[in-house]
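These notes are about the structure you will find just below.
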There are 2 protein chains.
Amino acid sequence: MHFDDKIPIYYQIKAHIYHEIITGTLQPGEKLPSVRQLALDVTANVNTVQRALSEMIAAGIIDSKRGKGNFVTMDETKITDLKTQLITEQVARAYQQLHALNLSDEEILNSLKHYMTQRGNAE
Amino acid sequence: MHFDDKIPIYYQIKAHIYHEIITGTLQPGEKLPSVRQLALDVTANVNTVQRALSEMIAAGIIDSKRGKGNFVTMDETKITDLKTQLITEQVARAYQQLHALNLSDEEILNSLKHYMTQRGNAE
DNA sequence: ACTAGTGTTCTATTTATCTATTACACTGTA
DNA sequence: TACAGTGTAATAGATAAATAGAACACTAGT
(Lines give C-alpha, C1' and ligand atoms only; values in the text may rest on other atoms or scores of the structure.)
Protein backbone atom coordinates (compact mmCIF):
# COMPACT_ATOMS: atom_id res chain seq x y z
CA MET A 1 0.00 0.00 0.00
CA HIS A 2 1.24 3.45 -0.88
CA PHE A 3 1.52 5.91 2.00
CA ASP A 4 1.79 9.69 1.97
CA ASP A 5 4.59 10.33 4.42
CA LYS A 6 3.01 13.65 5.43
CA ILE A 7 0.04 11.92 7.08
CA PRO A 8 0.10 9.28 9.84
CA ILE A 9 -0.17 5.75 8.47
CA TYR A 10 -2.95 4.74 10.87
CA TYR A 11 -4.96 7.64 9.46
CA GLN A 12 -4.46 6.47 5.88
CA ILE A 13 -5.38 2.91 6.78
CA LYS A 14 -8.62 4.19 8.25
CA ALA A 15 -9.39 6.15 5.08
CA HIS A 16 -8.60 3.07 3.00
CA ILE A 17 -11.00 0.82 4.89
CA TYR A 18 -13.68 3.49 4.90
CA HIS A 19 -13.40 3.61 1.13
CA GLU A 20 -13.85 -0.13 0.90
CA ILE A 21 -16.95 0.05 3.05
CA ILE A 22 -18.47 2.96 1.18
CA THR A 23 -17.83 1.52 -2.25
CA GLY A 24 -19.26 -1.84 -1.16
CA THR A 25 -16.02 -3.77 -1.47
CA LEU A 26 -16.76 -4.57 2.15
CA GLN A 27 -20.47 -5.26 2.65
CA PRO A 28 -22.49 -4.53 5.80
CA GLY A 29 -21.96 -7.33 8.32
CA GLU A 30 -18.95 -8.67 6.42
CA LYS A 31 -15.96 -9.89 8.34
CA LEU A 32 -12.73 -7.99 7.83
CA PRO A 33 -9.42 -9.80 7.42
CA SER A 34 -7.77 -10.44 10.78
CA VAL A 35 -5.64 -7.65 12.18
CA ARG A 36 -2.56 -9.74 11.49
CA GLN A 37 -3.60 -10.30 7.89
CA LEU A 38 -4.50 -6.63 7.44
CA ALA A 39 -1.07 -5.70 8.73
CA LEU A 40 0.47 -7.89 6.01
CA ASP A 41 -1.90 -6.51 3.36
CA VAL A 42 -0.98 -2.89 3.97
CA THR A 43 2.61 -3.64 5.05
CA ALA A 44 2.26 -2.03 8.43
CA ASN A 45 2.49 -3.19 12.02
CA VAL A 46 -0.38 -4.86 13.89
CA ASN A 47 -0.42 -2.01 16.41
CA THR A 48 -0.77 0.56 13.65
CA VAL A 49 -3.67 -1.35 12.12
CA GLN A 50 -5.21 -1.73 15.56
CA ARG A 51 -5.03 2.01 16.13
CA ALA A 52 -6.90 2.63 12.87
CA LEU A 53 -9.50 0.01 13.79
CA SER A 54 -9.94 1.48 17.27
CA GLU A 55 -11.06 4.77 15.79
CA MET A 56 -13.50 3.06 13.44
CA ILE A 57 -14.87 0.98 16.31
CA ALA A 58 -15.30 4.14 18.38
CA ALA A 59 -17.14 5.67 15.42
CA GLY A 60 -19.50 2.71 15.32
CA ILE A 61 -18.59 1.69 11.79
CA ILE A 62 -16.79 -1.50 12.83
CA ASP A 63 -18.05 -4.01 15.39
CA SER A 64 -15.26 -5.81 17.19
CA LYS A 65 -15.89 -9.31 18.51
CA ARG A 66 -13.06 -10.69 20.58
CA GLY A 67 -12.00 -14.12 19.44
CA LYS A 68 -14.13 -13.86 16.30
CA GLY A 69 -12.99 -10.88 14.28
CA ASN A 70 -13.91 -7.38 13.18
CA PHE A 71 -17.13 -6.84 11.24
CA VAL A 72 -18.59 -4.02 9.20
CA THR A 73 -21.65 -2.62 10.96
CA MET A 74 -25.03 -3.99 9.91
CA ASP A 75 -26.50 -0.50 10.36
CA GLU A 76 -26.57 0.79 6.80
CA THR A 77 -27.66 4.21 8.04
CA LYS A 78 -24.26 4.64 9.65
CA ILE A 79 -22.58 3.80 6.37
CA THR A 80 -24.73 6.25 4.44
CA ASP A 81 -23.99 8.94 7.03
CA LEU A 82 -20.29 8.17 6.81
CA LYS A 83 -20.34 8.54 3.03
CA THR A 84 -22.17 11.86 3.27
CA GLN A 85 -19.74 13.06 5.88
CA LEU A 86 -16.65 12.13 3.89
CA ILE A 87 -18.00 13.73 0.72
CA THR A 88 -18.88 16.92 2.53
CA GLU A 89 -15.46 17.07 4.15
CA GLN A 90 -13.68 16.62 0.83
CA VAL A 91 -15.81 19.15 -1.02
CA ALA A 92 -15.57 21.70 1.77
CA ARG A 93 -11.82 21.41 2.10
CA ALA A 94 -11.23 21.67 -1.63
CA TYR A 95 -13.59 24.62 -1.94
CA GLN A 96 -12.06 26.50 0.97
CA GLN A 97 -8.53 26.03 -0.26
CA LEU A 98 -9.35 27.13 -3.80
CA HIS A 99 -11.43 30.01 -2.47
CA ALA A 100 -8.44 31.05 -0.36
CA LEU A 101 -6.46 31.32 -3.60
CA ASN A 102 -8.96 34.01 -4.64
CA LEU A 103 -10.86 31.84 -7.11
CA SER A 104 -14.52 32.71 -7.55
CA ASP A 105 -17.20 30.00 -7.42
CA GLU A 106 -17.36 30.06 -11.20
CA GLU A 107 -13.60 29.74 -11.57
CA ILE A 108 -13.56 26.80 -9.18
CA LEU A 109 -16.25 25.05 -11.20
CA ASN A 110 -14.43 25.77 -14.44
CA SER A 111 -11.15 24.43 -13.05
CA LEU A 112 -12.88 21.22 -12.07
CA LYS A 113 -14.65 20.87 -15.43
CA HIS A 114 -11.39 21.53 -17.21
CA TYR A 115 -9.68 18.84 -15.16
CA MET A 116 -12.47 16.38 -15.95
CA THR A 117 -12.33 16.92 -19.70
CA GLN A 118 -8.56 16.65 -19.76
CA ARG A 119 -8.73 13.50 -17.69
CA GLY A 120 -11.47 12.11 -19.91
CA ASN A 121 -9.45 12.62 -23.07
CA ALA A 122 -6.39 10.98 -21.61
CA GLU A 123 -8.19 7.71 -20.90
CA MET B 1 -2.11 30.35 13.59
CA HIS B 2 -4.22 27.22 13.52
CA PHE B 3 -2.39 23.99 12.68
CA ASP B 4 -3.74 20.65 11.54
CA ASP B 5 -1.86 18.22 13.75
CA LYS B 6 -1.94 15.58 11.03
CA ILE B 7 0.40 17.56 8.77
CA PRO B 8 3.89 18.87 9.63
CA ILE B 9 3.85 22.49 10.76
CA TYR B 10 6.64 23.54 8.41
CA TYR B 11 4.47 22.27 5.58
CA GLN B 12 1.50 24.34 6.69
CA ILE B 13 3.64 27.45 7.11
CA LYS B 14 4.83 27.04 3.54
CA ALA B 15 1.25 26.73 2.30
CA HIS B 16 0.28 29.81 4.30
CA ILE B 17 3.02 31.99 2.81
CA TYR B 18 2.32 30.66 -0.68
CA HIS B 19 -1.27 31.75 -0.23
CA GLU B 20 -0.17 35.24 0.75
CA ILE B 21 2.03 35.48 -2.30
CA ILE B 22 -0.60 34.20 -4.70
CA THR B 23 -3.37 36.39 -3.38
CA GLY B 24 -1.10 39.45 -3.51
CA THR B 25 -0.98 40.01 0.24
CA LEU B 26 2.73 39.71 -0.37
CA GLN B 27 3.71 41.50 -3.58
CA PRO B 28 6.56 40.52 -5.93
CA GLY B 29 9.83 41.87 -4.54
CA GLU B 30 8.29 42.59 -1.16
CA LYS B 31 10.29 41.86 1.98
CA LEU B 32 8.91 39.22 4.29
CA PRO B 33 8.89 39.68 8.06
CA SER B 34 12.13 38.47 9.61
CA VAL B 35 12.32 34.77 10.46
CA ARG B 36 12.13 35.67 14.14
CA GLN B 37 9.05 37.81 13.59
CA LEU B 38 7.44 35.12 11.42
CA ALA B 39 8.05 32.61 14.20
CA LEU B 40 6.14 34.87 16.57
CA ASP B 41 3.39 35.49 14.01
CA VAL B 42 2.63 31.82 13.47
CA THR B 43 3.61 30.76 17.02
CA ALA B 44 6.24 28.31 15.89
CA ASN B 45 9.97 27.98 16.33
CA VAL B 46 12.54 29.84 14.22
CA ASN B 47 13.95 26.55 12.99
CA THR B 48 10.54 25.40 11.85
CA VAL B 49 9.98 28.64 9.96
CA GLN B 50 13.45 28.35 8.49
CA ARG B 51 12.69 24.88 7.22
CA ALA B 52 9.57 26.16 5.45
CA LEU B 53 11.52 29.06 3.96
CA SER B 54 14.32 26.76 2.79
CA GLU B 55 11.89 24.85 0.61
CA MET B 56 10.45 28.03 -0.86
CA ILE B 57 13.96 29.33 -1.52
CA ALA B 58 14.85 26.05 -3.23
CA ALA B 59 11.68 26.42 -5.32
CA GLY B 60 12.79 29.89 -6.42
CA ILE B 61 9.75 31.65 -4.96
CA ILE B 62 11.69 33.37 -2.19
CA ASP B 63 15.03 35.13 -2.57
CA SER B 64 17.12 35.03 0.56
CA LYS B 65 19.62 37.84 1.20
CA ARG B 66 21.77 37.25 4.22
CA GLY B 67 21.80 40.21 6.56
CA LYS B 68 18.94 41.89 4.65
CA GLY B 69 15.95 39.59 4.71
CA ASN B 70 13.80 37.27 2.63
CA PHE B 71 12.05 38.64 -0.42
CA VAL B 72 9.29 37.47 -2.71
CA THR B 73 10.68 36.79 -6.17
CA MET B 74 10.43 39.57 -8.74
CA ASP B 75 9.75 36.94 -11.41
CA GLU B 76 5.99 37.08 -11.74
CA THR B 77 6.04 34.10 -14.08
CA LYS B 78 7.16 31.92 -11.20
CA ILE B 79 4.24 33.17 -9.12
CA THR B 80 1.76 32.50 -11.91
CA ASP B 81 3.19 29.02 -12.37
CA LEU B 82 2.97 28.39 -8.64
CA LYS B 83 -0.67 29.40 -8.60
CA THR B 84 -1.46 27.13 -11.54
CA GLN B 85 0.38 24.28 -9.87
CA LEU B 86 -1.40 24.66 -6.54
CA ILE B 87 -4.82 24.88 -8.18
CA THR B 88 -4.18 21.79 -10.26
CA GLU B 89 -2.96 19.88 -7.23
CA GLN B 90 -6.05 20.80 -5.20
CA VAL B 91 -8.49 20.01 -7.97
CA ALA B 92 -6.80 16.73 -8.82
CA ARG B 93 -6.67 15.54 -5.23
CA ALA B 94 -10.28 16.44 -4.54
CA TYR B 95 -11.44 14.81 -7.76
CA GLN B 96 -9.51 11.61 -7.18
CA GLN B 97 -10.74 11.20 -3.64
CA LEU B 98 -14.38 11.80 -4.58
CA HIS B 99 -14.02 9.57 -7.62
CA ALA B 100 -12.63 6.86 -5.32
CA LEU B 101 -15.91 7.08 -3.39
CA ASN B 102 -17.63 6.01 -6.60
CA LEU B 103 -19.01 9.43 -7.46
CA SER B 104 -19.46 10.14 -11.15
CA ASP B 105 -18.21 13.38 -12.70
CA GLU B 106 -21.73 14.71 -12.64
CA GLU B 107 -22.24 13.80 -8.99
CA ILE B 108 -18.98 15.48 -8.07
CA LEU B 109 -20.04 18.67 -9.84
CA ASN B 110 -23.45 18.57 -8.18
CA SER B 111 -21.92 18.07 -4.74
CA LEU B 112 -19.75 21.10 -5.28
CA LYS B 113 -22.63 23.22 -6.59
CA HIS B 114 -24.76 22.13 -3.67
CA TYR B 115 -22.03 23.13 -1.25
CA MET B 116 -21.70 26.52 -2.93
CA THR B 117 -25.40 27.35 -2.76
CA GLN B 118 -25.64 26.23 0.86
CA ARG B 119 -22.60 28.29 1.69
CA GLY B 120 -23.99 31.25 -0.21
CA ASN B 121 -27.26 31.18 1.70
CA ALA B 122 -25.54 30.98 5.05
CA GLU B 123 -23.61 34.23 4.55
C1' DA C 1 34.59 50.28 15.46
C1' DC C 2 30.34 49.44 17.30
C1' DT C 3 25.66 47.91 17.32
C1' DA C 4 21.15 46.29 15.88
C1' DG C 5 18.81 43.57 12.71
C1' DT C 6 18.97 40.07 9.55
C1' DG C 7 19.67 34.92 7.69
C1' DT C 8 21.97 30.46 8.92
C1' DT C 9 23.67 26.55 11.47
C1' DC C 10 24.35 23.51 15.31
C1' DT C 11 23.32 20.74 19.50
C1' DA C 12 20.27 18.86 22.82
C1' DT C 13 15.69 17.58 24.30
C1' DT C 14 10.84 16.34 23.83
C1' DT C 15 6.89 14.35 21.53
C1' DA C 16 4.26 11.50 18.26
C1' DT C 17 4.41 7.80 15.25
C1' DC C 18 5.77 3.39 13.91
C1' DT C 19 7.84 -0.91 14.66
C1' DA C 20 9.05 -5.36 16.94
C1' DT C 21 8.00 -8.51 20.28
C1' DT C 22 5.62 -10.67 23.77
C1' DA C 23 1.88 -11.72 26.37
C1' DC C 24 -2.98 -12.05 27.53
C1' DA C 25 -8.23 -12.86 26.61
C1' DC C 26 -11.81 -14.95 24.08
C1' DT C 27 -14.11 -18.24 20.48
C1' DG C 28 -14.79 -22.40 18.12
C1' DT C 29 -13.43 -27.00 17.00
C1' DA C 30 -11.22 -31.47 17.36
C1' DT D 1 -8.91 -30.43 27.39
C1' DA D 2 -5.97 -28.87 23.82
C1' DC D 3 -5.20 -25.92 20.13
C1' DA D 4 -5.53 -22.65 16.37
C1' DG D 5 -7.34 -18.30 15.20
C1' DT D 6 -8.98 -14.15 16.67
C1' DG D 7 -8.83 -9.25 19.24
C1' DT D 8 -6.24 -6.58 22.83
C1' DA D 9 -2.60 -4.68 25.58
C1' DA D 10 2.04 -3.59 27.18
C1' DT D 11 6.90 -2.85 26.67
C1' DA D 12 11.02 -1.23 24.43
C1' DG D 13 13.44 0.84 20.60
C1' DA D 14 13.83 3.79 16.17
C1' DT D 15 12.74 7.76 13.58
C1' DA D 16 10.86 12.34 12.22
C1' DA D 17 9.21 16.69 13.68
C1' DA D 18 9.29 20.43 16.67
C1' DT D 19 11.28 23.08 20.26
C1' DA D 20 14.79 25.75 22.97
C1' DG D 21 18.95 27.94 23.04
C1' DA D 22 23.29 29.38 21.48
C1' DA D 23 26.40 30.72 18.14
C1' DC D 24 27.96 32.35 13.64
C1' DA D 25 27.78 35.35 9.13
C1' DC D 26 26.40 39.31 6.80
C1' DT D 27 24.35 44.29 6.16
C1' DA D 28 23.39 48.90 7.24
C1' DG D 29 23.59 52.81 10.03
C1' DT D 30 25.86 55.42 13.74
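All values below were derived from every heavy atom in this structure, side-chain atoms included, with hydrogens, water molecules and symmetry-related copies excluded. Here is how names work: the chains are called A, B, and so on, in the same order as the sequence lines, proteins then strands, and each is numbered from 1.
Side-chain atoms of A/R36 come within donor-acceptor range of the base of D/dG7, with a qualifying N/O pair under 3.5 Å.
Heavy atoms of A/T48 sit under 4.0 angstrom from at least one base atom. Nucleic acid contact for A/D5: none, since no nucleic acid atom lies under 4.0 Å from a heavy atom of the residue. Contacts of B/R51 with the nucleic acid, taken as non-hydrogen atoms under 4.0 Å apart, involve only primed sugar atoms and P, OP1 or OP2.
If you find the closest nucleotide of DNA chain D to A/P33 and to B/Q12, the one lying nearer the 5' end belongs to A/P33. Heavy-atom distances to DNA chain C give each of B/Q50 and A/F3 a nearest nucleotide, and the one nearer the 5′ end belongs to B/Q50.
Put simply, the side chain of B/I17 reaches to within 4.5 Å of the side chain of B/M56, judged on heavy atoms. Residues A/E89 and A/L86 are in side-chain contact: their nearest non-hydrogen atoms beyond the backbone lie under 4.5 Å apart. Side-chain atoms of B/L53 and B/S64, non-hydrogen and from C-beta on, never get closer than 4.5 Å to each other. Here the side chains of A/L101 and B/H19 are in contact, with some heavy-atom distance below 4.5 Å.
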Could you list, one pair per line, each protein nitrogen or oxygen that sits under 3.5 Å from a nitrogen or oxygen of nucleotides 27-30 of chain D, together with the distance?
| unit_1 | atom_1 | unit_2 | atom_2 | d |
| --- | --- | --- | --- | --- |
| D/dA28 | OP1 | B/K68 | NZ | 3.3 |

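For the pair A/Y10 and C/dT17, the criterion of a side-chain N or O lying under 4.0 Å from OP1 or OP2 is met. Remark: B/N70 is not in phosphate contact with C/dT6, judged by side-chain N or O atoms under 4.0 Å from OP1 or OP2.
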Without placing hydrogens or testing angles, list every side-chain donor-acceptor pair under 3.5 Å for residues 42-49 of chain A, not counting sequence neighbours.
| unit_1 | atom_1 | unit_2 | atom_2 | d |
| --- | --- | --- | --- | --- |
| A/N45 | OD1 | A/N47 | N | 2.9 |
| A/N45 | OD1 | A/N47 | ND2 | 3.0 |

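Remark: P of D/dA22 and CG of B/N47 are 13 Å apart, rounded to the nearest angstrom.
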